[in-house]
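What follows is a short report on a single structure.
What's counted below: heavy atoms across the whole structure, side chains too, no hydrogens, waters or symmetry copies.
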2 protein chains.
Amino acid sequence: MATIKDVAERAGLSTTLVSRYLNQRSGVSPSSKERIRNAIKELNYRPNGIARSLVLQKTQSIGIVLDNLCAPFAARLISGLEQGAEDFDKENKYNVMFCSSNGDAEKKRRHINFLTQGRVDGIIIYGSLTSDDTLISELAQSTFPFLLIENDVEGIPVDKVVIDNVDGAFRATEHLIKQGHKRIAHMAGNMNLKITLERMNGYIRALQDYQIPISSDLIIHPSFDSMELAVKDDRYLRGDRSYYSAGYREMKKLIDGGNLPDAIFFATDISAFGAMQALEEAGLSVPDDISIVGFDDEDPRDYGATNHKITTMRQPLYDLGYIGIKRLIQKVNNPERPEERIVLKTDLIVRDSCKSKK
Amino acid sequence: MATIKDVAERAGLSTTLVSRYLNQRSGVSPSSKERIRNAIKELNYRPNGIARSLVLQKTQSIGIVLDNLCAPFAARLISGLEQGAEDFDKENKYNVMFCSSNGDAEKKRRHINFLTQGRVDGIIIYGSLTSDDTLISELAQSTFPFLLIENDVEGIPVDKVVIDNVDGAFRATEHLIKQGHKRIAHMAGNMNLKITLERMNGYIRALQDYQIPISSDLIIHPSFDSMELAVKDDRYLRGDRSYYSAGYREMKKLIDGGNLPDAIFFATDISAFGAMQALEEAGLSVPDDISIVGFDDEDPRDYGATNHKITTMRQPLYDLGYIGIKRLIQKVNNPERPEERIVLKTDLIVRDSCKSKK
DNA sequence: TCCCTTTCCGAAAGCGCTGCCAAACATTTA
DNA sequence: TAAATGTTTGGCAGCGCTTTCGGAAAGGGA
């Protein structure tokens with residue numbers, strides 16, 4: 001591969017001049033320009049961005065690492081990220097690069113390590129790492145600019161943008177309460193996840209606020225299988241179905257138990273979809289026999305479910321990305337700014353799965 | 001940011017030794033190791049990958065640039081790429097990074113330029129560039145390893161893996177012929193695209209082979225709007241709907257014209273979905289009134305269509321990615337290998353949109 | 001004791017580029 | 001004509017790392 005030196009030699013000029021030409025700086029005479037242009041063409045020269053970045057201490061790029069590029073929610077998140085990068089810095093455009101770990105924690109680690117070794121100017125990490133994520137705190141010690149989305153790690157000052165899960169769950173439950181429901185159950189998510197705790201918290205607070213007694217019978221803790229195969233008919237089904245099966249199983253138990261609650265707030269739509277299948281099979285109707293509110297605004301079709309129109313709390317994924325990358329770029333350009341924790345609210349999307357109780 | 005020099009100084013050793021330690025080479029005594037380890041921790045040192053890559057002339061990463069990361073087909077392609085990278089080089093794992101241009105040709109160009117300036121060891125470009133893609137030929141002149149997927153540029157020796165569109169269209173048409181259809185129409189795609197020509201070519205050859213007269217009345221050239229908004233209800237619809245509308249319009253004309261063909265072979269499923277809506281609205285049935293074969297195996301739900309079960313030619317997208325990245329990594333490790341053009345066949349997926357003619 | 005391995009270590013060159021600074025040249029002004 | 005100003009140009013250091021190569025130290029055998 002030809003280098004800037006080769007070009008300079010060929011053009012009979014100094015590398016300084018060639019560099020100036022390449023970066024369209026002033027101080028290059030027209031005749032020199034011409035000679036450099038020719039030399040470049042003759043040698044098929046392509047500048048080495050790596051070397052350039054080394055001296056400039058800047059790559060003009062941003063890395064994003066997430067678990068699953070093809071996940072149902074990813075599209076909206078990605079759009080937000082791309083658009084944010086576009087809108088923020090119109091002249092010095094940032095190149096946004098995505099790395100997908102496909103649920104492999106080790107791979108995610110590797111990606112983060114790779115990118116944070118100066119390969120990009122900053123990174124955004126979506127979602128949590130394994131429980132013992134010393135990597136985040138190590139990163140926080142260094143000065144490398146990074147930002148977390150949907151990973152509300154505690155104890156370390158870190159830039160992050162997160163969802164207000166407590167508020168979302170509160171409002172979801174409140175929605176049910178305001179429709180006159182009293183026996184409101186909650187089907188929790190994976191208890192290893194912080195968001196599960198937060199959502200349960202919101203549920204409990206809503207009941208407390210409206211002076212509805214909290215019954216532990218009505219709080220359901222499904223057990224989750226490990227991630228279920230997301231491939232069907234060689235067509236990639238975008239979502240992990242383990243929550244679906246869990247919802248199905250628990251709903252079945254509930255139906256068999258005989259004492260159905262008025263309403264259920266699900267920590268995630270996916271479990272709700274599974275539950276709805278169980279209800280359907282039992283000849284029960286949503287919302288006539290039971291009201292349901294979910295969370296996440298998932299697309300039932302991504303989980304092979306029938307097209308339920310479920311009332312749900314929707315995460316502002318686009319905004320998560322948009323705001324996140326804006327903040328990161330600010331950080332890149334002004335490392336002194338103190339860390340921020342940005343909280344976004346969820347939206348209540350009212351569909352057909354709830355009904356007022358007479 | 002601390003550098004290797006700082007670490008060496010702190011440890012009271014040379015940078016050479018620190019480098020050796022970092023790369024787990026022999027020739028570092030246990031006591032030195034200990035001191036280096038401490039120095040690294042104390043300084044929060046992270047090695048600079050950029051500098052490392054500059055001297056090693058290797059980044060251990062691969063870049064992928066495509067038009068739309070969130071496109072319906074992308075999931076399968078991405079899976080293939082990721083898996084291929086994984087399977088090929090188990091010890092020196094490559095980091096795969098994705099760049100999405102969202103249909104912006106200038107952005108795609110920028111991404112390609114960025115990555116090919118030594119930022120990665122090789123890139124894969126999915127889909128075509130603008131018609132005047134001098135960029136590809138420039139790249140071909142250089143020694144930078146790259147590979148094209150689904151972009152069968154001519155005249156330049158380039159590594160690429162492509163679909164056999166002629167064969168696919170031939171077999172699609174043949175499928176119709178063998179069911180006894182005689183008046184088989186073809187709805188073409190965007191005539192600026194080479195694949196459109198190839199698919200039409202396959203259609204014509206099939207008719208010729210089976211001695212069915214070719215009638216230009218039966219070859220429909222829809223006009224396509226520019227890319228249609230792919231957002232609906234703030235939920236990102238994954239596909240571009242312009243082909244859908246075109247299919248709808250043309251089918252309507254055909255119905256109004258009165259003289260419906262026995263069958264239609266569509267250059268893309270998306271047009272077929274649109275056409276099927278028109279047929280439905282006209283009270284006509286597929287496959288009773290007309291048989292249909294499509295191409296691409298698109299998911300109707302990605303285009304807001306009802307869930308048609310269409311017989312179609314499916315592209316082996318996973319394989320495209322899997323084989324493509326394997327080939328690229330080979331190229332990276334052995335630049336001398338001459339360019340290859342790998343052709344993959346499509347699969348006929350029989351569903352419910354065709355019926356034998358009595 | 002000497003010589004020969006073996007192990008550990010560091011100086012220095014260099015990867016391809018940019019930016020500072022001074023030198024060379026050209027042009028204008030007094 | 002000399003001085004002052006403006007425009008081009010190139011030498012060189014240095015970005016953070018690896019690697020070569022020779023030297024020092026330590027251990028072993030005679």
Side-chain angles (χ1 to χ4, degrees), chain A residues 1-37 39-40 43-60 92 113-121 142-144, chain B residues 1-37 39-40 43-61 92 113-114 116-121 142-144:
Chain A
M1 276 257 192
T3 73
I4 199 175
K5 223 168 143 186
D6 301 324
V7 173
E9 217 156 282
R10 181 90 168 207
L13 297 164
S14 70
T15 61
T16 308
L17 225 26
V18 178
S19 171
R20 273 214 266 280
Y21 169 82
L22 255 20
N23 297 293
Q24 25 222 3
R25 294 222 193 313
S26 61
V28 185
S29 68
S31 77
S32 297
K33 276 186 188 164
E34 179 64 19
R35 290 162 70 186
I36 293 171
R37 209 178 346 236
I40 287 177
L43 294 170
N44 260 301
Y45 169 71
R46 322 206 85 229
N48 184 327
I50 283 293
R52 185 161 201 275
S53 287
L54 180 59
V55 12
L56 259 32
Q57 303 279 34
K58 188 130 182 62
T59 66
Q60 204 60 220
N92 328 314
N113 254 320
F114 179 79
L115 292 171
T116 53
Q117 297 193 350
R119 297 239 119 88
V120 292
D121 294 338
S142 82
T143 62
F144 191 88
Chain B
M1 276 258 192
T3 73
I4 198 173
K5 224 169 143 185
D6 301 323
V7 174
E9 217 157 282
R10 180 91 170 204
L13 296 165
S14 70
T15 62
T16 309
L17 227 21
V18 179
S19 170
R20 274 213 266 278
Y21 169 82
L22 255 20
N23 296 293
Q24 24 223 2
R25 293 224 192 309
S26 60
V28 186
S29 67
S31 76
S32 298
K33 275 187 188 164
E34 180 62 20
R35 292 163 68 186
I36 293 171
R37 211 177 346 236
I40 287 177
L43 295 170
N44 260 301
Y45 169 70
R46 322 205 85 228
N48 183 325
I50 283 294
R52 184 160 201 274
S53 286
L54 180 60
V55 11
L56 259 30
Q57 303 278 32
K58 187 130 182 62
T59 66
Q60 206 59 220
S61 65
N92 327 314
N113 254 320
F114 179 79
T116 54
Q117 297 191 350
R119 298 236 117 89
V120 291
D121 294 338
S142 83
T143 62
F144 191 88

Which heavy atom of B/A8 sits nearest a heavy atom of B/S14, and at what distance? CB-C, 3.6 Å

Do B/F144 and B/V120 make a side-chain contact, defined as non-hydrogen atoms from C-beta onward lying under 4.5 Å apart? yes

Looking for any heavy atom pair under 4.0 Å, which part of the strands does A/I50 touch: base, sugar-phosphate only, or nothing? nothing

Between P on C/dA13 and CG on B/L56, what's the gap in Å once rounded to a whole number? 20 Å

Do A/L22 and A/I40 have side chains that get closer than 4.5 Å, going by heavy atoms? yes

Pick base, sugar-phosphate or nothing for B/Y21, based on heavy-atom distances below 4.0 Å to the nucleic acid. nothing

Counting only pairs under 3.5 Å, give me each side-chain donor-acceptor contact of residues 47-61 of chain B, with atom names and distances, residues two or more places apart or in other chains.
| residue | atom | partner | partner atom | Å |
| --- | --- | --- | --- | --- |
| B/N48 | OD1 | B/I50 | N | 2.8 |
| B/N48 | OD1 | B/A51 | N | 3.1 |
| B/R52 | NE | B/N23 | OD1 | 3.3 |
| B/R52 | NH2 | B/N23 | OD1 | 2.5 |
| B/S53 | OG | A/R119 | NH2 | 2.0 |
| B/S53 | OG | B/G49 | O | 3.1 |
| B/S53 | OG | B/K58 | O | 3.0 |
| B/K58 | NZ | B/Y94 | OH | 3.1 |
| B/K58 | NZ | B/D121 | OD2 | 3.0 |
| B/T59 | OG1 | B/S61 | N | 3.2 |
| B/T59 | OG1 | B/S61 | OG | 2.8 |
| B/T59 | OG1 | B/D121 | N | 3.2 |
| B/T59 | OG1 | B/D121 | OD1 | 3.0 |

Select base, sugar-phosphate, or nothing to describe what A/T16 touches, counting heavy atoms under 4.0 Å on all strands. base

Here the gap from A/L13 atom CG to A/S32 atom OG, rounded to the nearest 0.5 Å, amounts to 5.0 Å

Where the side chain of B/R20 meets the backbone of B/R25, is there a donor-acceptor pair that is under 3.5 Å apart? no

Reckon A/N48 has a side-chain N or O less than 4.0 Å from the OP1 or OP2 of C/dC15? no

note: A/L22, atom CG; C/dG19, atom P; distance rounded to Å ~ 12 Å

Between B/R35 and B/G12 the two heavy atoms that sit nearest each other are NH2-O, 3.8 Å

Pairwise distance CE(A/M1) to OG1(B/T143) - rounded to 0.5 angstrom: 3.5 Å

Taking atom P of C/dC15 as reference, at what distance in whole Å does atom CD1 of A/I4 sit? 14 Å

In whole angstroms, how far is the P atom of D/dG16 from the CG atom of B/N23? 17 Å

Would you indicate, yes or no, if C/dG16 has its OP1 or OP2 atom less than 4.0 angstrom from a side-chain nitrogen or oxygen of B/Q57? yes

When the distance from NZ of A/K5 to C1' of C/dG16 is rounded to whole Å, what number comes out? 9 Å

Could you pull out the protein-nucleic contacts involving nucleotides 5-9 of chain D (nitrogen or oxygen on both sides, under 3.5 Å)?
| residue | atom | partner | partner atom | Å |
| --- | --- | --- | --- | --- |
| D/dT9 | OP1 | A/S29 | OG | 3.1 |
| D/dT9 | OP1 | A/S32 | OG | 2.7 |
| D/dT9 | OP2 | A/S29 | N | 3.1 |
| D/dT9 | OP2 | A/S29 | OG | 3.2 |
| D/dT9 | OP2 | A/S32 | OG | 3.0 |
| D/dT9 | O4 | A/R20 | NH2 | 3.3 |

Nearest-Å distance for atom pair CZ/C1', residues B/R35 and C/dC8: 13 Å

Assess whether side chain to side chain contact (heavy atoms under 4.5 Å, CB included) is satisfied between A/V7 and A/Y21, documenting all intermediate values. CA-CA 11 Å; A/V7 173; A/Y21 169 82; over 6 Å; no

Roughly, in whole Å, what's the span from CZ in A/R46 to C1' in C/dC17? 16 Å

How bent is the helix from C/dT1-D/dA30 to C/dA30-D/dT1, comparing axes over its five end pairs at each side, to the nearest 10°? 60°

Check whether any side-chain nitrogen or oxygen of B/R25 sits under 4.0 Å from OP1 or OP2 of D/dT19, and answer yes or no. yes

5'-most contact on DNA chain C: B/T15 or A/S19, nearest heavy atom basis? B/T15

From the options C/dC17, C/dT18, D/dC15, select the nucleotide whose nearest atom is closest to the side chain of A/L54. D/dC15

Rounded to whole Å, the CZ-P distance (A/F144 to D/dG16) equals 15 Å

Would you give the length of the straight line joining atom CG of B/L43 to atom OG1 of B/T3, rounded to the nearest 0.5 angstrom? 9.0 Å

